[in-house]
A.B. asks: 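Below you will find the structure I want to go over with you.
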Amino acid sequence: MKQIRTPLTGTPLVLPQASHPCGTAQDMPLHPADELAQIRAELKRLHQREDALRRFFREDAGEQDFIGDTHDVTVISHKKRVFDPSKLPQSILSNPKFYRDELRTLISSIEKPLALLYQSIPPGAGDYQEDLMEKPEVEAVLI
């Protein structure tokens with residue numbers, strides 16, 4: 001599989017067929033916005049799977065389930081002291097000298113409606129784009 005670099009980040013990417021919304025291999029670099037959305041989707045999927053496995057080991061695993069072919073799992077329970085600000089008196093909670101302002105930056109990604117169209121096109125329907133290229137009037141409408 002070919003490695004490519006995005007124009008803005010230089011991040012090397014290996015793009016399997018499943019990484020492209022159409023399910024086909026992609027031979028051009030992803031835009032950083034698309035790469036970010038793709039990474040976040042994969043992280044979300046991985047976190048959900050990790051949560052399911054953690055639940056399994058906490059609640060359902062038998063003794064033999066903790067020993068894998070290449071890894072063993074150990075579950076340790078312990079107490080941790082946690083600060084609870086709700087227990088503070090109202091005079092402290094309402095006093096501005098106990099607070100500081102921080103600048104935080106939120107980076108969000110929103111899927112474009114056109115991307116949903118590409119996801120609904122089944123793999124192998126690559127002739128769709130070729131048909132659009134042959135008809136200039138349709139191309140002008142899409143731009």
A.B. asks: At what distance, to the nearest 0.5 angstrom, does CG of Asp34 lie from NZ of Lys112?
C.D. replies: 7.0 Å
A.B. asks: Please report the shortest heavy-atom distance between Pro96 and Ser94, naming the atom on each side.
C.D. replies: CD-O, 3.4 Å
A.B. asks: Do you reckon Ile67 sits in the same ILVMFWY cluster as Phe57, going by side-chain contacts under 4.5 Å, direct or chained?
C.D. replies: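 As far as the 4.5 Å side-chain criterion goes, Phe57 and Ile67 are not connected within one cluster.
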A.B. asks: Counting only heavy atoms from other residues, nucleotides and ligands, does the tally under 6.0 Å from CD of Glu63 exceed 12?
C.D. replies: no
A.B. asks: Can you name the nearest heavy-atom pair linking Ile92 to Phe98, along with the distance?
C.D. replies: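 Smallest interatomic distance, heavy atoms only, reads O-CD1, 3.7 Å.
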A.B. asks: Any side-chain to backbone donor/acceptor pair from Tyr99 onto Leu93? Under 3.5 Å, distance only.
C.D. replies: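 It does hold such a pair.
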A.B. asks: If the condition is salt bridge (Lys or Arg N to Asp or Glu O under 4.0 Å), which residues does Arg81 pass it with, not counting sequence neighbours?
C.D. replies: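 Salt bridge (Lys or Arg N to Asp or Glu O under 4.0 Å) list for Arg81, sorted by chain: empty.
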A.B. asks: Can you measure from CD (Gln38) to CG (Leu43) and round to the nearest 0.5 angstrom?
C.D. replies: 11.0 Å
A.B. asks: Rounded to the nearest 0.5 Å, how far does OG of Ser108 lie from CZ of Arg40?
C.D. replies: 7.0 Å
A.B. asks: State, to 0.1 Å, how close Asp60 and Asp65 come at their nearest heavy-atom pair, and which atoms those are.
C.D. replies: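 Answer, listing the atom of Asp60 first, then Asp65: O-OD2, 4.4 Å.
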A.B. asks: With rounding to the nearest 0.5 Å, note down the distance linking CZ in Arg58 to CG in Leu53.
C.D. replies: 11.0 Å
A.B. asks: Distance check, rounded to the nearest 0.5 Å: His47 atom NE2 versus Arg54 atom CZ?
C.D. replies: 10.0 Å
